[in-house]
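Proteins get letters first, then strands, A, B, ... in listed order; numbering begins at 1 in each.
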Protein chains: 2
Amino acid sequence: MNLKELAAKLGLSPTTVSRALNGYPEVNESTRERVMAAAKRHNYRPNTRAIRLATGRAFAIGHVIPLATRHEIVNPIFADFIAGAGETYSRNGYDMVLSVVPDENEEDAYRDLKARGSVDGMILHAPLMNDPRIALLHDVGLPFVVHGRATGADLPYSWVDVNNRRAFLRATEFLLDLGHTRIGLVNGLEHMDFAIRRRSGYADALAARGIALDPALMSSDEMTEVAGYRAAGRMLDLPDPPTALLAASMISGMGVRRAVEERGMEIGRDISIIIHDDDLSYMKNGEDVPIFTATRSSVREAGRLAAEMLLSLVAEPAQGPQTRMLEAELIIGQSTGPAPRKG
Amino acid sequence: MNLKELAAKLGLSPTTVSRALNGYPEVNESTRERVMAAAKRHNYRPNTRAIRLATGRAFAIGHVIPLATRHEIVNPIFADFIAGAGETYSRNGYDMVLSVVPDENEEDAYRDLKARGSVDGMILHAPLMNDPRIALLHDVGLPFVVHGRATGADLPYSWVDVNNRRAFLRATEFLLDLGHTRIGLVNGLEHMDFAIRRRSGYADALAARGIALDPALMSSDEMTEVAGYRAAGRMLDLPDPPTALLAASMISGMGVRRAVEERGMEIGRDISIIIHDDDLSYMKNGEDVPIFTATRSSVREAGRLAAEMLLSLVAEPAQGPQTRMLEAELIIGQSTGPAPRKG
DNA sequence: AATCGGTTTCAAACCGCTTTGGATGGCGCA
DNA sequence: TGCGCCATCCAAAGCGGTTTGAAACCGATT
């Protein structure tokens, strides 16, 4: 059942039927109702392919997922972000198109999406320091929103991000307040923008108390269980090991815990752990009582917000870059306690 | 730059240019080359919206993701599957459209995708026992492939699945061979088809050795860290606790490990653990030496295969349902050992 | 009765491609 | 020379909607 057939059945022109369905004012209310009823009765759905061609809009948002080396992106955080964004899209009648491409084709993927008219806007994931994709997307000329920020980008852009620096600053301060002075940082890869910011929050908190940075207490690697395990193990085996560890994610935290427990230490007594918790739906930090003390912010919510922002930019590109900073909360769990006395 | 403009520049008709670019035979080789060159030079990309309307094909595959209650689906397994499938799609010039909808709208989502012509086929995720969606998708009338199987479905359908029953049968047998007789099962939700099959593999292996099922040693819950922790804890606190545990996933396994270590037991000596490892890219089971002994199969590979199968069905729907059974390998890690002697 | 502004409706063009059904021209062959 | 057959190329008609510009209709005003 297409528009023409429906119009024929009603004895109206396609023009009028189209207008009636799309809520244009220049159609008599009684005919509109007639049209609406007929559409429902015949279960009419306009063909999206036709709408897209006619309007020149795709009613779709693109997400490019580079594959191989930067495979960080197919990670739990990404999945939850997608869920949040997808929710917003479908509520607004938009499709979400995911483009999974080999790293080296990432640039092409963005250009293709635009040139072939498959999407009206894009979300940029996992920005790096000085990320060249910001300039690329400007060049491509579609509205876009970055999940995170890209230190060093000179062009303006829209973003939704959590205040990573402040989160890690607060977490570090909290540990310092508990008397810890040897605090290890199990960070994500430090070409990722968020990791840089976290490190700077950590460094600033230490500096404020006059504690020098110790490179041996700072690691940077993927946010996997194994990497967390390895980094924590290295630090714990130092002659002067840390009494507290900051981990970049729930998953890193699991690895840290494994390393700690393997050494027979008790978490919260012998050693304190704080993680950053992205509040993932299937990777909860405990139930009522959190397992880990954590800086928490919802990625899914970030996904929702980024999608809303993007849709608004698509509707009105002239409004210029938007930004939204989310604050993480510091929630206290069982994994932190006062620094053990020396000896 | 669109087809008409390109044709004008070349002094040819749009027809010829279209044919030249699409490899039709009725065009002179020299003009074809001329066209190809011009297309490249002017960076011409056909407008997908127009192609879609003209051909009546969407060049896109749909994945519906129900949100709320069955939120299992936004899980690591899903993400990796998507990555595999997406890879196949983009290699074949297809888009992947994700539709994230509230549970109650799931049926509508499938129908919409079809009625509005947004996709040429769909993937059905996380099938349940007697899953009504199989009949629904038949009714909708688009080619589809199920990731997993749906026990009790009476209609034929295409699927890609791992042999869950055999995987858990083998894992259980392996533990039995090590002398374990009290073996706990930390399963996924048992309305999920794969969980049923795993349980039956477990049950069959025990039955073959004449060991009766003990309900206290079987749990069924979401595959989260917390659920794994809780289930394992309950079993370990029994008067006659298990000496071995089977966990449904890497994440459940983490929870199991937490429960075990909390009780001061040593994994591989006091208690053996086998997990099912979906070989997730960011949740590796250790590096060279696996942390957990595991039944392993790659979800990402399953995603690739399912996508390939679906594309072939889209190209030739007449070929009828295809199926593909994957076998999991049993890999030996550090988490299993002989049953401790009684006493 | 003629004019007019406002409301409804419609025919036709258009979006950018594919595809059908010819046209055209060159060539070999009778 | 004339014919038929390919090999090439093209004009035009879709695909199923939206949108422009104009027509038709209406009651009210002059």
When the distance from CZ of A:Arg116 to P of C:dC17 is rounded to whole Å, what number comes out?
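Taking CZ of A:Arg116 and P of C:dC17, I get 12 Å after rounding.
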Neighbour count above 12 (heavy atom, 6.0 Å) for B:Arg111 CZ:
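Correct, the count exceeds 12.
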Would you please confirm or rule out a distance under 4.0 Å between OP1 or OP2 of C:dT18 and any side-chain N or O of B:Ser18?
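Checking B:Ser18 against C:dT18: at least one side-chain N or O falls below 4.0 Å of OP1 or OP2.
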Would you say that B:Leu142 contacts B:Tyr110 through its side chain, given a criterion of any heavy-atom pair below 4.5 Å between the two side chains?
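They are not in side-chain contact.
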Which sits closer to the 5' end of DNA chain D, B:Ala50 or B:Leu12, going by the nucleotide each is nearest to?
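Mapping each residue to its closest nucleotide by heavy atoms, the 5'-most match is B:Leu12.
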Between B:Ile61 and B:Met122, is there a side-chain heavy-atom distance shorter than 4.5 Å?
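Side chain of B:Met122 against side chain of B:Ile61, heavy atoms only: no contact under 4.5 Å found.
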Please state how far atom CD in A:Glu5 lies from atom C1' in D:dG17, giving the value in whole angstrom units.
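One finds 13 Å between C1' of D:dG17 and CD of A:Glu5, rounded.
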Which part of the nucleic acid, if any, lies within contact of B:Thr48, taking any heavy atom under 4.0 Å across all strands shown: a base, the sugar-phosphate backbone alone, or nothing?
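If one applies the 4.0 Å heavy-atom cut-off, B:Thr48 turns out to touch nothing in the nucleic acid.
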Between C:dT9 and A:Asn28, is there an OP1 or OP2 to side-chain N/O distance shorter than 4.0 Å?
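Answer is no, no contact under 4.0 Å.
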Return the value, rounded to whole Å, for the distance between atom CD of B:Glu33 and atom P of D:dT8.
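About 13 Å, once rounded to whole Å.
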Between A:Thr55 and D:dT18, does any side-chain N or O lie under 4.0 Å from OP1 or OP2?
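Indeed not, no polar side-chain atom of A:Thr55 lies that close.
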Earlier contact from the 5' end, DNA chain C, for B:Pro46 and B:Arg19
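Closest to the 5' end, via its nearest nucleotide, is B:Pro46.
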Atom CD of A:Glu26 to atom P of D:dG21: distance rounded to whole Å?
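Taking atom P of D:dG21 as the reference, CD of A:Glu26 is at 14 Å.
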How is B:Ile51 classified with respect to the nucleic acid when contacts are heavy atoms under 4.0 Å: base, sugar-phosphate, or nothing?
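It contacts sugar-phosphate atoms only.
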In whole angstroms, how far is the C1' atom of D:dA13 from the NZ atom of A:Lys4?
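Taking atom C1' of D:dA13 as the reference, NZ of A:Lys4 is at 11 Å.
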Could B:Asp193 and B:Arg149 be called an ion pair, given the rule that one side-chain N must be under 4.0 Å from one carboxylate O?
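Between B:Arg149 and B:Asp193 there is no salt bridge, as every charged N stays at least 4.0 Å from the carboxylate O atoms.
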Aromatic centroids of A:Phe78 and A:His63 separated by under 6.0 Å:
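No, ring centres 6.0 Å or more apart.
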For A:Tyr44 and D:dG17, is the shortest distance between a side-chain N/O and OP1 or OP2 below 4.0 Å?
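So the side-chain polar atoms of A:Tyr44 do come within 4.0 Å of the phosphate oxygens OP1 or OP2 of D:dG17, strictly under.
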Quick one: on DNA chain D, does B:Gly11 or B:Leu53 contact a more 5' nucleotide (nearest heavy atom)?
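Final value for this comparison: B:Gly11.
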Mind calculating the distance between CZ (A:Arg32) and P (C:dT7) to the nearest angstrom?
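Answer to the nearest Å: 14 Å.
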Contact under 4.0 Å: B:Asn22 side-chain N or O vs C:dT18 OP1/OP2
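Yes, such a contact exists.
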With a cut-off of less than 4.0 Å, is there a side-chain N or O of A:Thr16 near OP1 or OP2 of C:dT9?
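No.
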Between B:Ser312 and B:Gln322: side-chain donor-acceptor atoms closer than 3.5 Å
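No, because no side-chain N or O of B:Ser312 sits under 3.5 Å from a partner of the opposite role on B:Gln322.
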Strictly below 4.0 Å: does A:Tyr24 bring a side-chain N or O up to OP1 or OP2 of D:dT18?
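Looking at the OP1 and OP2 atoms of D:dT18, neither is under 4.0 Å from any side-chain N or O of A:Tyr24.
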Donor/acceptor link under 3.5 angstrom from B:Thr15 side chain onto base of C:dT19:
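Counting by modelled atom types and ignoring angles, a donor-acceptor contact under 3.5 Å is found here.
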Any side-chain N or O of A:Thr31 under 4.0 Å from OP1/OP2 of C:dT9?
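Affirmative; the distance criterion is met.
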B:Leu3 CG - D:dC10 P separation (whole Å):
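Those two atoms, CG and P, are 12 Å apart.
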Integer-rounded Å distance: C:dC17 P and B:Leu6 CG:
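It is 9 Å, rounded to the nearest whole Å.
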